[in-house]
There are 2 protein chains.
Amino acid sequence: MAATIRDIKKVTGLSLATISKYLNGGNLLPENREKIERAIEELHYEVNEMARGLVTSQSKTVGVVVFDIANVFVCTVLQYLGDGLRAAGYAAMICDSHNDPLQEADNIRFLMGKQVDGLIVLPVAQTSDFLNPPIRAGIPVVLLDRSLGDSRVDCVKVDNQTAAAEALRLLVEYGHRRIAIIGSDTVITGKERLEGCFQLLKEMNLAVPPEYLKLGNHSIEHGYQSMWELLRLRKPPTAVFLGNFEIILGAVMAVNESEFRCPADLSIVGFDDLIVSNLSNPRLSVVVQPLRSMADETVRLLLRRIEDIRNAGSNPDAEQEPHMELSLRAQIVEGGSIAHIKCSGRAVNSN
Amino acid sequence: MAATIRDIKKVTGLSLATISKYLNGGNLLPENREKIERAIEELHYEVNEMARGLVTSQSKTVGVVVFDIANVFVCTVLQYLGDGLRAAGYAAMICDSHNDPLQEADNIRFLMGKQVDGLIVLPVAQTSDFLNPPIRAGIPVVLLDRSLGDSRVDCVKVDNQTAAAEALRLLVEYGHRRIAIIGSDTVITGKERLEGCFQLLKEMNLAVPPEYLKLGNHSIEHGYQSMWELLRLRKPPTAVFLGNFEIILGAVMAVNESEFRCPADLSIVGFDDLIVSNLSNPRLSVVVQPLRSMADETVRLLLRRIEDIRNAGSNPDAEQEPHMELSLRAQIVEGGSIAHIKCSGRAVNSN
DNA sequence: AGGACAGAGCGAAACGTTTTGCTCTGTCCA
DNA sequence: TGGACAGAGCAAAACGTTTCGCTCTGTCCT
């Protein structure tokens, strides 16, 4: 059905090798170049990437395995990843792990079967065993968002601990002492953020009373429920740290439904902005992850590895660049959701 | 590097044809079957899908082109699509059009180059010209969510018009007469929903005063702004229809920030539920699109077309099944966001 | 006993590219 | 004028599968 390089040969009278050279940007007589171009136009010729891939053993395809594709953070990252890969001529095969380590491992196998040139993984598993197959097969892997402490792969993430500490420091500097935390310890990023919070509180000689510490998962429900529980306390906190986007969404809904006003009655600082933060009134003060950079760095790292492998070729003793963990700095963007407070007295709006 | 069928031949002493037969589920002597299985295990053999694809001219891959991958509706659909395709052994190459018809057309070309067996498109363009290349090349296309009125392709969507009318009918039946609409006429689904609204209002001999009709795009901003404008009117509406998920999100935030309470002061009915609806208090009454079914039907339709093409094979006069537009019925799920109202008097909570 | 038939296996030819090593034709410089 | 050299083109061999048509070996029925 579809035209092949052989049809072009018939039309132009040139050899396969010459046509191939044209397709891959070699030097030709202008005359022949034109002939080929005309033939391609006429025949609607398109390179068959499978045939090409078979001989180059490159599929120009990378697998992207995400812990949950319906998650807003994931979608946004996916967008940037897709753009970056596409710009380099790579297609992304995206697989959803549904937050299930078994499906994750299965996705990896599936994608390997599809001959991907590399893998980008936003992992759900807590250990890196599931990466053995691609590593053994020499397929480069870059982890994104969540590190697994495995030195055999590259990783791009955000410095959650420092960022969370900075956010909390802000609250303390505004005078807050009764600070609550709604976060998650079921996932590594959540743990790191909590770690950052605790570290700063310790540094400041502050403590979180148990009723101010709400642990669950990174979900709207958790944010909503926990916030209500906090607001109903006899002595509610004057400020609260919200561990991720979903928690923010839920918590803000709760606050809005209540009689509490932000920041007069309650100051808020949260992790991840995405949609809600600059819509709510006042704007939220948030830790903003550099999603674009994270995606770009991930793609850059992966493509470099793929390039290296290609160049190393048969040479087996080629030096492997050591694998790296890129920890990007998150930025705090202040909205108006934090009020100054004197001692443990009433809040004073800073605006 | 990787083991091939030839290595298995060496180990087992069997012919390539036999091994291939094994891989594709043919009949073998138990003895030989075991031999091959042992060799595969030992050599970590994996079928090279590119080579297989080259000869079968099937890539077991479909392209999915979406208008905006960061959109929550899209993500959710993508999840279901991915599951369905995966179950059939197909990988999904996902491309984002960024709501730009030019990028959309480019995505189609790109994916065709990658030898996809079929295309699923959530289109942004309003006409179907950009589908000419795949149609000419004989690659089946299924449109999802948005129809383009092109009889050369299949389409799966929701009956927006009827669903919107039903939603509005609900408001009227509850006694509302001052009904506002926040929607979009920039996109076909939005238009259809508006059409349904108008149709019902006409049927009921009601009209929407211009200040009650807020047209924009399907965005949080539009919902938020428009809702505030409605609430600030001298004579605000007693009920409002919200055209999609993003609009709901923005509008609900606005209501919560205001002094209006739902449903006492304002009744709400919206299109799409997804995350917010059953979290807000009271739960929202919403039109729920059967996303799972939409995705499943889409996959079913596409795979059937692919199958048909494969079976038709060289036979050029094979009858093509006529293309169809599947219009699924949406369901209205009542929360508590609609209050009974007597004439134009004050609202009476129905709960 | 003989013929038909089914099951299992085989060799070789495809599939549509890239790549390698070669030849041929000019051009440039000594 | 001759030799080196660069540029352009070519034929053929890969790449790792599937598939086609064939042979061989039993088994079953008449």
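Computed over heavy atoms, backbone and side chain alike; hydrogens, waters and symmetry mates excluded. Below, read A as the first sequence line, B as the second, and so on, with proteins coming before strands; counting in each chain starts at 1.
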In terms of the nearest nucleotide of DNA chain D, which residue is placed more toward the 5' end: K21(B) or L28(A)?
L28(A)
For T4(A) and dG16(C), is the shortest distance between a side-chain N/O and OP1 or OP2 below 4.0 Å?
no
Rounded to the nearest Å, what distance is computed from the CG atom of residue L14(A) to the P atom of nucleotide dC24(C)?
18 Å
Are R146(A) and F67(A) in a cation-pi setup, meaning NZ or CZ lies under 6.0 angstrom from the ring centre and within 45 degrees of the ring axis?
yes
Length of the OH-C1' vector between Y22(A) and dG7(D), whole Å:
19 Å
E31(A) atom CD is separated from dA8(D) atom C1', nearest whole Å, by 12 Å
Are D150(B) and H323(B) close enough that a side-chain donor and a side-chain acceptor fall under 3.5 Å?
no
Does S15(A) place a side-chain N or O at less than 4.0 Å from the phosphate oxygens OP1/OP2 of dC10(D)?
yes
What is the distance from CG of N48(B) to C1' of dT18(D), rounded to the nearest Å?
13 Å
Counting only side-chain N and O atoms of R52(B), is one of them less than 4.0 Å from OP1 or OP2 of dT18(D)?
yes
A17(B) has a side chain; which of dC10(D), dT19(D), dT18(C) sits nearest to it?
dT19(D)
Counting just side-chain N and O atoms, does T18(A) come under 4.0 Å of either OP1 or OP2 of dC10(D)?
yes
With a 4.0 Å cut-off on heavy atoms, is L29(B) in touch with a base, just the backbone sugar-phosphate, or nothing at all?
sugar-phosphate
For N27(A) and dC5(D), what is the distance between atoms CG and P respectively, to the nearest whole Å?
20 Å
Whole-Å gap separating C1' (dC15(C)) and CD (Q58(B))
14 Å
Salt bridge or not for R86(B) and D106(A), using N-O below 4.0 Å?
yes
Starting from the 5' end of DNA chain C, give me the residue, L16(B) or V55(A), whose nearest nucleotide shows up first.
L16(B)
Do R152(B) and N132(B) have side-chain atoms, one donor and one acceptor, less than 3.5 Å apart?
yes
Send over the distance from R310(B) CZ to dC15(C) C1', rounded to a whole Å.
13 Å
Here the distance between atom P of dA8(D) and atom CD1 of I19(A), to the nearest Å, is 17 Å
Between D117(B) and K60(B) (salt bridge meaning N to carboxylate O under 4.0 Å), is one present in this structure?
no
